[in-house]
Peer 1: 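Structure in C-alpha cells, see below.
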Amino acid sequence: MKREYNKSRFVLFSGACMGAMLCSSASIAQDAAGETPQAPTTGSQLASTQQQEPASAFGDIVVTATRREARLQDVPVAVTAITGAGLAAADVSTLRTLTQVVPGFIGSRNMGVFQPVIRGVGSTGISIGDEPNIATYVDGVYQPESAANWIDLVEVERVEVLRGPQGTTFGRNATGGLINVITPDPSFDFRGKASVRVGRMRNDAGDYDARMYVTGPISETAALDFASLFRKNDGYIKDLVRGGTLGGQRVIDLRSKLLLKPADNVKVVLTGEFFDQQSTTNAPQPIDGNTLGRAFPGVILPRGPWEASLTRVPVLDLRRWTAALHVSVDLETVNLESTSGFLNLRWYQETDSDASNVDIGNFPALFATESGSSELKLSSTNAGPFQWLVGGYFYQFGGHADLSPFATTTPPSPLVGPHLQPELSGRSFAGFGEGTYELSGGLFITLGGRYTTEKRSFTQILNGNTVANDVSKTFNKFNYKVGVRYEITSRTNVYATHSTAFKSGVYNMAATLSTPVLPEEITAYEVGLKTDPLPWLRINIATYYYDYKNLQLQARAANSSAYILQNAGNAEIYGGELETFISPVDGLKLRAAVAYTHARYQDFTAAQGFIPRGSGGNIVATTDASGNVMTRAPKWSGNFGADYTTAMGGGTFGAGANLSWSSRVYYDFLNIFSQPSYTLTNASIFWTPDSQAWKASLWVTNLTNEKVFQTIRPGAFSTDGFYEQPRKIGASFEVRF
C-alpha cells in the first residue's frame with residue numbers, strides 16, 4: 001500500500017542540508033515504505049515541474065536546510081546528505097568517520113574529545129563550555145559538549161553535513177558548519193530489524209556489533225519505537241608493558257521515541273536516550289620515539305604502529321543521558337514549532353602525558369556537565385512568493401571538573417601538580433529571522449539575521465580550598481546573511497551568499513586566568529552551482545572565501561600536563577568542492593568528490609611552538625606562525641565510491657567500495673608534525689532474497705592496512721598520536737520483520 005507523504009516529518013529545528021552539495025543513490029532520503037518523498041513546489045518551481053522531463057537517476061531529497069521543506073538541489077549552501085543505508089554501505093558508524101564520505105571534513109579528536117573540522121575551521125578546546133565551532137544536532141537538538149558527541153549512528157534516517165557558517169537561523173557555534181543527525185519517527189505500521197556484525201583485526205582482536213530497531217502503534221494516535229546498540233572490540237593496540245592489548249571498547253546505546261498525534265494538525269515527539277562507554281582507546285604512542293622517557297633507564301619504546309608503552313592503563317569512560325521534546329502545530333498559513341532538549345554527561349579519562357612507561361606525566365580528569373535548550377519558531381507555509389520564519393532560542397549550561405595532572409623530570413618520584421576544580425556556567429538568548437522573496441521567475445533573494453547575547457561564568461578552585469578567581473563576562477553579537485539564487489533551468493541552480501557567524505569568548509578550565517579568550521568571528525562568501533544536466537549525471541560545485549578572526553586555539557602547556565588557550569589574530573581560507581554522481585547503467589552508481597582548501601594563519605605572532613629536542617620531547621617556545629598552514633586543513637582531500645546491484649539466484653546481489661584520501665595534514669602551528677598523505681579503502685558484498693526478509697554481507701575496512709593518525713599531539717614531554725584502526729575483516733547478518 002502506498003504511504004502518504006507526511007509533511008511534518010521533515011520539519012526539524014536544526015534541519016539539515018543548507019544547500020545541496022550532491023546526493024547520490026546513497027543520499028536519497030526515503031520514508032518508512034522506501035519511497036522518495038517529493039519536495040513541495042512554489043512559484044517558478046511549480047512551472048518547472050510541470051515540464052515532461054526524464055526523472056533523475058538520483059531522485060530528490062527533501063530537507064529543511066532553510067528551516068523549511070525544499071529539494072536538496074534547490075537550497076543555496078553546500079551540504080552532503082547520506083542516508084542510513086549509505087552510511088552502512090560505506091562503514092560509517094560514528095560521526096567521526098564521516099571523514100570517509102564528506103569532502104572537506106576531518107573527524108579529528110583530542111584525548112576523549114571529538115573535534116570535527118570543515119574547510120579548515122574547527123575547535124581544539126577541551127574545556128567544559130568550550131563548545132566546538134562545528135555544531136552538532138540530533139533531531140533538531142543542539143549537542144554542546146565535544147566529549148558527548150561520540151555519537152553512534154544506530155538507526156538514522158540520514159546525516160547531513162552543512163559546509164560554511166550557519167550563524168543566522170541555526171545560530172550558536174556554527175562558525176564553520178553543522179552536522180545534523182535525523183533519526184526516524186515512530187511508525188503506525190509495525191516493523192523492525194535486527195543485525196549482528198562480527199569482525200577480526202590484528203592480534204586476532206574481535207570486533208562485535210549487535211543492533212535492533214522496532215516500531216509500531218500503541219493506539220490510534222500514538223506510536224513508539226526503540227533502538228539499541230551493543231558494540232565491543234577486544235583491543236588492537238599491543239600493550240608492551242603489561243602484555244595483552246589496549247584500545248578495547250564497550251558501548252551500550254538505548255534510544256526510544258514516542259509519537260503522539262492528538263489531532264491532524266498536531267505532532268508531538270518525546271525522545272530519550274542512554275549511552276554508556278568503557279574503553280582504553282586513549283592509548284597514545286610516541287611518534288618516531290619522541291618522548292622524554294627515552295632518556296631514562298628501563299624505557300620501552302614502540303617499534304611500529306598500534307603499540308603502546310604506558311605507565312598506567314588508559315581510561316576513557318563516558319555516560320550520557322539525553323531527552324528531547326518536539327511539538328509542531330500546523331495553523332494552515334503558518335507552522336508553530338517548539339523544540340527542547342536536555343543533556344547530562346559524566347566522563348572520566350586518564351591519559352599518559354609522555355606516552356612512555358616512565359612515570360613522567362599523567363592527566364587524570366573527571367567531568368560533569370548539564371545543559372538545556374529551548375527554541376520556539378514560527379514559519380510561513382503558504383505557496384506565495386514570500387517565505388519567512390522568526391524565532392527565539394534559549395540555552396543554559398553548567399558543569400564542573402576535577403583535574404589532578406602531575407609532571408616531573410626526575411622519575412620515578414613524581415611531583416604532584418596543582419589540583420584544579422573548575423566550575424563553569426553560562427546562558428544564551430537569541431532572536432532570529434529570515435525571509436526569501438521570489439522577485440521574478442526563478443530569481444530568489446534571501447535576507448536573514450540573528451542577535452545573540454551570551455553570559456559565561458568561571459570559578460577556579462585551587463588545591464581544594466583556594467578560590468583563584470570568580471569571574472563572568474557577557475558577549476553580544478549580530479550576525480547576518482544575504483543570498484541570491486537563480487534557476488537557470490528546472491535542473492540547474494546558481495547561488496551566491498554572504499554571511500557571518502561567531503563563537504563567544506570562553507574560559508580555560510585548565511588554568512587560573514580570570515580573562516576569557518576573545519570571541520572568534522568569520523565572514524564568508526560562497527558561490528555555487530548545482531545541476532542535473534542529464535538524467536544519469538549530477539554535478540555540484542561550491543567555491544568560498546573566509547576572513548577568519550581571533551581563532552580560539554588550544555595547545556599543551558610547557559609542563560605537557562595542562563593546556564593553554566589563546567587567540568590567533570586572523571586567518572585566510574579559500575577553496576572549493578566538486579562532487580559528481582554518475583549512473584551509467586542500471587544498478588551501477590558512481591560518486592566522486594574532491595575538495596581544495598587553502599588555509600593560512602595571517603597574524604599569529606605568539607603561537608605555542610614545539611621544536612624536537614635531541615634527547616626526547618620538545619622545546620616549548622613562543623613563535624611566529626604567520627603564513628603557516630592551519631592545523632587539520634589538508635590542501636587536497638576527496639572520496640570515491642561505487643555501488644552495484646543485480647538480480648541473482650532469486651534475490652539481489654550487491655557490491656560496494658568506498659575510498660577516501662587526503663594530502664598531508666599538519667597538527668602543529670609550526671608545520672613540523674604531520675600525517676603524510678594517505679588513502680583508506682572499505683569494501684563489501686551482500687545478497688538478499690527477493691522478499692528482503694534478511695541480508696548477509698561480507699566486508700573489509702582499511703583494506704590496505706594504512707597507518708593513519710586520528711590526531712597528533714605535540715607537547716613538552718612527547719609528540720604522540722592515536723592511530724585509526726587497522727584492517728578489519730568480517731561478516732554481518734540482518735533480519736527484517
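Since we're looking at a predicted model, the values are computed, not measured.
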Peer 1: Identify which one of Lys503, Lys549, Lys477 satisfies the salt bridge (Lys or Arg N to Asp or Glu O under 4.0 Å) criterion when paired with Glu521.
Peer 2: Lys477
Peer 1: Got a second to check how far Thr631's OG1 is from Leu670's CG, nearest 0.5 Å?
Peer 2: 11.5 Å
Peer 1: Would you list the pairs meeting ring pair (Phe, Tyr, Trp, His ring centres under 6.0 Å) in which at least one residue belongs to residues 454-475, sequence neighbours left out?
Peer 2: Phe458-Tyr507
Peer 1: Check Thr512, Asp470, Asn508, Leu513 against Gln460 for a side-chain contact (heavy atoms from CB on, under 4.5 Å) and give me the one that passes.
Peer 2: Thr512
Peer 1: Going by heavy atoms in the side chains, are Glu145 and Trp347 under 4.5 Å from each other?
Peer 2: no
Peer 1: Between the main-chain N or O of Trp306 and the side-chain N or O of Gln285, is there a donor-acceptor pair closer than 3.5 Å?
Peer 2: yes
Peer 1: Which heavy atom of Gly616 sits nearest to which heavy atom of Leu292, and what is that distance?
Peer 2: O-CD1, 3.6 Å
Peer 1: Quick one: are Thr719 and Pro714 in side-chain contact, heavy atoms under 4.5 Å?
Peer 2: yes
Peer 1: Kindly give the heavy-atom pair with the smallest separation between Val620 and Ala716, and that separation in Å.
Peer 2: CG2-CB, 3.7 Å
Peer 1: Can you classify the ring geometry of Tyr142 versus Tyr395 as parallel (below 30°), tilted (30 to 60°) or perpendicular (above 60°)?
Peer 2: perpendicular
Peer 1: Apply side-chain contact (heavy atoms from CB on, under 4.5 Å) to the pair Arg319 and Phe274, showing each step before the final yes or no.
Peer 2: CA-CA 8 Å; Arg319 182 166 291 180; Phe274 170 76; 3.7 Å; yes
Peer 1: Where do Tyr548 and Glu520 land on the side chain to side chain donor-acceptor pair (under 3.5 Å) test, with the steps shown first?
Peer 2: CA-CA 8 Å; Tyr548 193 9; Glu520 63 177 28; 3.1 Å; yes
Peer 1: Taking atom types as modelled, is there a side-chain donor on Thr453 or Asn476 under 3.5 Å from an acceptor on the other?
Peer 2: yes
Peer 1: Main chain of Arg109, side chain of Thr711: is a donor-acceptor contact present, judged purely on distance under 3.5 Å?
Peer 2: yes
Peer 1: Indicate yes or no for a side-chain donor-acceptor contact from Gln608 to the backbone of Gln566 under 3.5 Å, with no hydrogens or angles considered.
Peer 2: no
Peer 1: For the pair Val181 and Leu153, evaluate side-chain contact (heavy atoms from CB on, under 4.5 Å) and give the outcome as yes or no after the intermediate values.
Peer 2: CA-CA 8 Å; Val181 180; Leu153 303 174; 4.3 Å; yes
Peer 1: Can you confirm whether Val708 sits close enough to Gln675 that some side-chain heavy atom of one is under 4.5 Å from a side-chain heavy atom of the other?
Peer 2: yes
Peer 1: Have a look at Ser428 and tell me which of Arg456, Lys455, Glu454 forms a side-chain hydrogen bond (donor to acceptor under 3.5 Å, both in side chains) with it.
Peer 2: Glu454
Peer 1: To the nearest 0.5 Å, what is the distance between CG on Leu551 and OG1 on Thr175?
Peer 2: 9.5 Å
Peer 1: Quick one: side chains of residues 233-244, donor-acceptor pairs under 3.5 Å with protein atoms, not counting sequence neighbours, listed by atom name and distance.
Peer 2:
unit_1, atom_1, unit_2, atom_2, d
Asn233, OD1, Gly235, N, 3.0
Asp234, OD1, Lys232, NZ, 3.0
Asp234, OD2, Gly206, N, 2.9
Asp239, OD1, Val241, N, 3.0
Asp239, OD1, Arg242, N, 3.2
Asp239, OD2, Arg242, NE, 3.0
Arg242, NH1, Leu310, O, 3.4
Arg242, NH1, Thr311, O, 3.3
Arg242, NH2, Leu310, O, 3.1

Peer 1: List for me each residue that meets ring pair (Phe, Tyr, Trp, His ring centres under 6.0 Å) alongside Phe394, sequence neighbours excluded, and say none if there are none.
Peer 2: Phe429
Peer 1: Using the ring of Phe275 (Phe, Tyr or Trp, six-membered ring only), decide whether Arg320 places NZ or CZ under 6.0 Å from its centre and within 45 degrees of its axis.
Peer 2: yes
Peer 1: Is there a side-chain contact between Arg294 and Pro286 (heavy atoms, below 4.5 Å)?
Peer 2: no
Peer 1: Find the distance between OG (Ser626) and CZ (Arg600) and round it off to the nearest 0.5 Å.
Peer 2: 12.5 Å
Peer 1: Return yes if a side-chain donor-acceptor contact under 3.5 Å exists between Thr523 and Asp547, otherwise no.
Peer 2: no
Peer 1: Would you confirm whether Arg450, through its side chain, and Asn479, through its main-chain N or O, come within 3.5 Å as a donor-acceptor pair?
Peer 2: no
Peer 1: Shortest non-hydrogen contact from Asn567 to Leu518?
Peer 2: OD1-N, 2.8 Å
Peer 1: I'd like to check Ile287 versus Phe673 (side-chain heavy atoms, cut-off strictly below 4.5 Å). Are they in contact?
Peer 2: no
Peer 1: Does a donor on one side chain sit under 3.5 Å from an acceptor on the other, for Glu350 and Asn282?
Peer 2: no
Peer 1: On the ring face of Phe363, is Arg556 found with NZ or CZ under 6.0 Å from the centre and within 45° of the axis?
Peer 2: no
Peer 1: Of all residues at least two apart in sequence or in a different chain, which pass the ring pair (Phe, Tyr, Trp, His ring centres under 6.0 Å) check with Phe604?
Peer 2: Tyr601, Phe669
Peer 1: Return the CD to CG distance between Gln166 and Leu178, rounded to the nearest 0.5 Å.
Peer 2: 6.0 Å
Peer 1: How close do Leu162 and Phe170 get, counting heavy atoms only, and between which atoms?
Peer 2: CD2-CE1, 4.1 Å
Peer 1: Tell me, please, which residues at least two apart from Asp402 pass salt bridge (Lys or Arg N to Asp or Glu O under 4.0 Å).
Peer 2: none
Peer 1: So Ile179 and Pro116, do their side chains get closer than 4.5 Å, heavy atoms only?
Peer 2: yes
Peer 1: Within this structure, what is the CZ-OG1 distance for the pair Arg427 and Thr474, rounded to the nearest 0.5 Å?
Peer 2: 11.0 Å
Peer 1: Donor-acceptor check, side chain of Ser123 to backbone of Asn133, threshold 3.5 angstrom: yes or no?
Peer 2: yes
Peer 1: Excluding sequence neighbours, so at least two apart, what forms ring pair (Phe, Tyr, Trp, His ring centres under 6.0 Å) with Tyr451?
Peer 2: none
Peer 1: Given 3.5 Å as the limit, does a donor-acceptor pair link the side chain of Asp354 with the main chain of Gly293, or not?
Peer 2: no
Peer 1: What distance separates Ser356 OG from Phe717 CZ, expressed to the nearest 0.5 Å?
Peer 2: 10.5 Å
Peer 1: Given 3.5 Å as the limit, does a donor-acceptor pair link the side chain of Thr280 with the main chain of Gly248, or not?
Peer 2: yes
Peer 1: Which residue, Thr99, Leu95, Thr94, forms the side-chain contact (heavy atoms from CB on, under 4.5 Å) with Thr97?
Peer 2: Thr94
Peer 1: Between the side chains of Asn344 and Glu370, is a donor N or O closer than 3.5 angstrom to an acceptor N or O?
Peer 2: yes
Peer 1: For a side-chain contact (heavy atoms from CB on, under 4.5 Å) check, start with the C-alpha distance between Val315 and Tyr348, then their side-chain angles and the critical distance, and finish with the verdict.
Peer 2: CA-CA 7 Å; Val315 177; Tyr348 176 76; 3.7 Å; yes
Peer 1: Is there side-chain contact between Gln552 and Thr124, with heavy atoms separated by less than 4.5 Å?
Peer 2: no
Peer 1: Which pair of non-hydrogen atoms, one from Ser504 and one from Asn173, has the smallest distance, and what is that distance?
Peer 2: N-OD1, 4.2 Å
Peer 1: Does the side chain of Asp359 reach to within under 4.5 Å of the side chain of Arg312, using non-hydrogen atoms?
Peer 2: yes
Peer 1: When you measure from the side chain of Ser127 to the backbone N and O of Met509, does any donor-acceptor pair fall under 3.5 Å?
Peer 2: yes
Peer 1: Before you tell me yes or no, could you show the steps for Gln277 and Gln249 under side-chain contact (heavy atoms from CB on, under 4.5 Å), namely the whole-Å CA-CA distance, both residues' side-chain angles and the distance that decides it to 0.1 Å?
Peer 2: CA-CA 7 Å; Gln277 170 186 282; Gln249 184 182 47; 2.9 Å; yes
Peer 1: Heavy atoms only: give me the nearest Ala633-Ala599 pair and the separation to one decimal.
Peer 2: CB-CB, 3.8 Å
